[in-house]
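Convention: sequence-line order gives letters A, B, ...; per-chain numbering from 1. If you're wondering where the values come from, they're calculated on a predicted model, not measured in any experiment. FYI, side chains are in, hydrogens and waters are out, and symmetry mates aren't considered; it's all heavy atoms of this structure.
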Amino acid sequence: MSSKHVTSFKGITGWIDQRLPIFTLMQNEYGSFPTPRNFNYLWNFGAISLFMLLLMIGSGVVLAMHYTADTHLSFNSVERLMRDVNYGWLLRYMHMNGASMFFLAVYIHLFRGMYYGSYKEPRELLWILGVLILFLMIATAFMGYVLPWGQMSFWAATVITNLMSAIPLVGDPIVTWLWGGFSVDNPTLTRFYALHYLLPFVIFGVVFLHIAALHVCGSNNPLGIEPKSEKDTLPFHPYYTMKDTFGLCVFLMLYAVFIFWMPNALGHPDNSIPANPMMTPPHIVPEWYFLPFYAILRSFTIDIGIPFTHIVLISSKLGGVILMVTSIAVGFVLPWLDTSPVRSARFRPLYRIFFWVFVADSILLGYLGSQPPEGIYVIISQIAMAYYFAHFFLVIPLLSKYEKPLPVPKSIHEAIGSGA
Amino acid sequence: MRLILSLLATLVFALPAAAKEMHPHGPEGGWKHKGVFGSYDRGALQRGLLVYKQVCAACHALNLVAYRNLAMLGYSEDEIKTIAAEKRVKDGPNDQGEMFDRPARPSDPFVAPFANDQAARVANGGALPPDLSLIIKARHGGENYVYSLLTGFGETPPADMKILPGMNYNPYFPGGQIAMPPPLAADDLVSYSDGTKATKEQMAKDVVQFLAWAAEPHMEQRKRIGIRVMLFLLVLTGVFYAAKRQLWRDVH
Ligand code: HEM
């Protein structure tokens with residue numbers, strides 16, 4: 001054997017590791033992996049997100065054993081699971097509220113990255129993979145929500161797939177192709193089911209790359225400076241395995257409150273009514289984690305065309321779709337919009353303020369997404385939407401240029417020693 | 001900053017709760033089955049079943065509930081057999097290839113009043129009485145809404161509202177006019193065997209609790225397990241917190 005790898009493990013573990021160094025890999029990546037010693041609790045949300053992904057896959061696989069994808073049977077198959085399968089209600093409420101908790105964790109994880117500049121050199125690709133995961137999660141959760149075939153399932157599917165019709169020329173054929181017919185119907189449901197089963201595993205693959213990229217450049221930290229010596233780091237295990245487990249337990253308690261005491265609080269009552277294509281609900285609203293994007297989608301209310309003609313270049317619908325996709329895709333270019341050499345908002349007095357304004361704006365958009373698109377709400381949505389994009393395309397580039405950052409500490413252990 | 005984050009989380013979760021209709025309210029004293037430890041009142045469930053069977057079942061189905069589920073209300077097997085046998089269902093085909101009528105069995109779902117939606121509409125002036133299995137989960141306001149709806153008939157409509165033929169004024173129903181005639185228009189529509197006086201409010205309160213059970217039959221088990229899970233997580237959190245403190249003692 002010409003293998004250069006010599007295992008440090010003994011016995012059976014050593015025999016395996018010599019031939020397939022998974023134990024060495026685990027040891028390097030999760031055991032002794034040098035990790036900045038100054039993480040705060042916001043650094044728990046990566047591990048929590050991964051836990052939630054695995055939990056969604058686990059609960060989903062068992063749900064799938066009881067679920068039937070058929071417009072006449074889906075609603076009742078889910079109810080049968082809730083009523084007649086042992087702990088079926090638990091399984092379903094875990095999955096249903098798990099989606100919300102997954103998004104909550106990922107959103108905190110992502111805002112953490114924005115606050116501490118984790119998307120900057122050398123972590124651009126790591127960040128981009130994260131944005132890709134968010135896109136995949138959105139698609140997965142959207143299709144999952146269609147499966148129980150309640151009123152909101154059906155009408156959300158109708159509204160969202162209809163958006164494709166905004167694409168010029170090929171829009172309508174694309175919608176027909178997506179539906180597998182001329183309206184949202186059985187073929188739509190079965191393909192959504194197939195994709196809902198598939199996509200989480202794709203997410204898992206991208207998460208693997210995301211973590212692989214992380215382990216090449218190492219973690220960022222609240223100071224935003226690279227660790228320079230061993231004094232700045234700790235081995236991942238046991239220090240962070242222990243801290244992450246503690247954080248996860250706290251998170252699970254919040255999750256448990258929803259599962260056991262308010263399992264339907266985050267859902268919509270209309271999804272307890274079987275889908276009825278003949279009856280449109282008075283308000284079609286998505287799940288809370290989509291509300292900001294929904295508000296952006298609806299904020300574009302004019303057709304842009306060639307003046308003095310009837311030629312419409314960008315219909316209000318197409319405009320809304322473009323804005324909505326851009327509002328997430330902007331993440332792909334964020335590393336190049338923010339050219340400030342300082343990562344952490346701790347040393348960026350102005351960025352720090354604008355960061356919180358941006359968070360408030362996103363929450364405002366979420367609120368607006370839950371309201372009917374009428375009267376004053378339309379105008380506020382437009383302002384909030386404009387600010388959302390201004391944050392990325394104006395505020396961040398301008399701050400990169402003109403903000404005077406505070407002095408950055410020389411090393412992590414010095415900063416901790418001096419009580420920063 | 002942690003504080004701000006937790007505030008934000010609370011805000012985000014509070015948002016979708018907003019409702020719009022005329023404020024529904026519960027009965028005096030609230031609902032016994034709500035709250036962290038709340039459990040169903042068996043007496044109320046049995047009385048509610050009676051109201052459902054003798055009043056609502058003339059128009060509304062309860063498809064997702066089977067007679068056997070009534071064991072949760074405290075009925076014995078024989079009592080359930082008797083309750084089921086009050087109704088007849090179509091079964092078959094038998095060895096002769098014929099469909100036949102038989103009394104309902106505990107394993108059957110509650111027998112629906114109409115053969116299909118169309119028949120239900122014809123009998124109700126074009127309006128469809130919805131299946132009540134999930135009604136408490138399927139309306140904003142849940143129990144309070146259905147209670148208010150049931151007790152909200154009989155008021156005079158505002159002068160500018162024209163009540164259409166076959167419709168009834170009810171300020172809690174979206175639009176203010178409902179095709180359901182007041183189902184609990186008088187006291188004593190049923191006679192309770194436990195001596196409770198069957199006022200309109202009492203019947204409404206009982207049937208709403210019965211329907212809450214029908215929508216969430218496992219609510220008690222859910223909370224019971226929830227409490228155990230919470231205690232377990234609390235201990236686990238404590239243990240990991242202590243371990244983490246111990247481990248990190250020399251690091252800070
Ligand atoms: C990224 C991870 C996942 C997310 C975010 C997600 C999200 C969702 C959501 C929001 C629902 C609707 C819940 C409801 O209202 O009842 C749902 C339903 C469902 N999901 Fe998933 N899911 C994930 C993974 C999976 C996986 C891996 C499977 C199968 C292997 C699966 C199988 C199902 C089934 C069968 C249903 C229908 C039953 C039901 O509605 O409760 N899910 N999912």
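Note that CG of A/Asn264 is 12.0 Å distant from CD1 of B/Ile136, once rounded to the nearest 0.5 Å. Here the straight-line distance linking atom CZ of B/Arg224 with atom CZ of A/Phe260 works out to 12.0 Å at 0.5 Å rounding. Between the CG atom of A/Leu252 and the OG1 atom of B/Thr237 there is a distance of 8.0 Å, given to the nearest 0.5 Å. Rounding to the nearest 0.5 angstrom, the gap separating the OH atom in B/Tyr241 from the CE atom in A/Met242 is 14.0 Å. Note that NZ of B/Lys244 is 11.0 Å distant from CG of A/Asp244, once rounded to the nearest 0.5 Å.
The aromatic ring centroids of A/Phe246 and B/Trp248 lie 6.0 Å or more from each other. A ring-centre distance under 6.0 Å is found for A/His268 and B/His140.
Residues A/Ala256 and B/Val229 approach most closely at CB-CG1, 4.3 Å, considering heavy atoms. When all heavy atoms are compared, the tightest approach of B/Met230 to A/Met253 is CE-O, 3.6 Å. The two residues B/Ala215 and A/Arg83 make their nearest non-hydrogen contact at O-NH2, 3.6 Å.
Residue A/Leu90 does not touch chain B at all, counting heavy-atom pairs closer than 4.5 Å. B/Val239 does not touch chain A: none of its heavy atoms, backbone or side chain, sits under 4.5 Å away. Only the side chain of A/Tyr87 comes within contact range of chain B, with at least one heavy atom under 4.5 Å from a heavy atom of that chain. Interface remark: A/Met82 contributes backbone and side-chain atoms alike to the contact with chain B (heavy atom separation under 4.5 Å). With a 4.5 angstrom heavy-atom cutoff, A/Pro282 does not touch chain B via any of its atoms. Of the two parts of A/Trp261, the backbone and the side chain both hold a non-hydrogen atom closer than 4.5 Å to a non-hydrogen atom of chain B. Neither the backbone nor the side chain of B/Ile135 comes within less than 4.5 Å of any heavy atom of chain A. Heavy atoms of A/Ile259 lying under 4.5 Å from chain B belong exclusively to its backbone. Interface residue B/Ala214: only backbone heavy atoms are found under 4.5 Å from chain A. Contact of A/Phe251 with chain B is not made at all, since no heavy-atom distance falls under 4.5 Å.
The contact list for residues 110-124 of chain B toward chain A, using heavy atoms and a distance under 4.5 Å, is empty. Residues of residues 60-69 of chain B having a heavy atom under 4.5 Å from any heavy atom of chain A, listed by number: B/Leu64, B/Val65, B/Arg68.
More than 12 heavy atoms of other shown residues, nucleotides or ligands fall within 6.0 angstrom of atom NZ in B/Lys32. For B/Arg245, the CZ atom sits in a loose shell: 12 or fewer heavy atoms of surrounding residues, nucleotides or ligands are nearer than 6.0 Å. Taking a 6.0 Å sphere around CZ of A/Arg352, one finds it holds more than 12 heavy atoms contributed by other residues, nucleotides or ligands. Annotation: A/Glu230, atom CD; neighbour count of heavy atoms from other residues, nucleotides and ligands within 6.0 Å does not exceed 12. The environment of B/Lys87 atom NZ is sparse: at most 12 non-hydrogen atoms of other residues, nucleotides or ligands sit within 6.0 angstrom. Annotation: A/Phe111, atom CZ; neighbour count of heavy atoms from other residues, nucleotides and ligands within 6.0 Å is above 12.
Contact of the B/Gln221 side chain with the A/Trp89 side chain is registered, since non-hydrogen atoms from C-beta on lie closer than 4.5 Å. No side-chain heavy atom of B/Leu233 sits less than 4.5 Å from a side-chain heavy atom of A/Tyr255. Within the 4.5 Å cutoff, side-chain heavy atoms of B/Arg222 are placed close to those of A/Tyr93.
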Exercise. Apply side-chain contact (heavy atoms from CB on, under 4.5 Å) to the pair A/Ile273 and B/Lys137, showing each step before the final yes or no.
Key: CA-CA 9 Å; A/Ile273 305 171; B/Lys137 278 171 76 171; over 6 Å; no

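Heavy-atom pairs under 4.5 Å with chain B were tallied for A/Pro238, A/Pro274, A/Gly150; the largest tally goes to A/Pro238.
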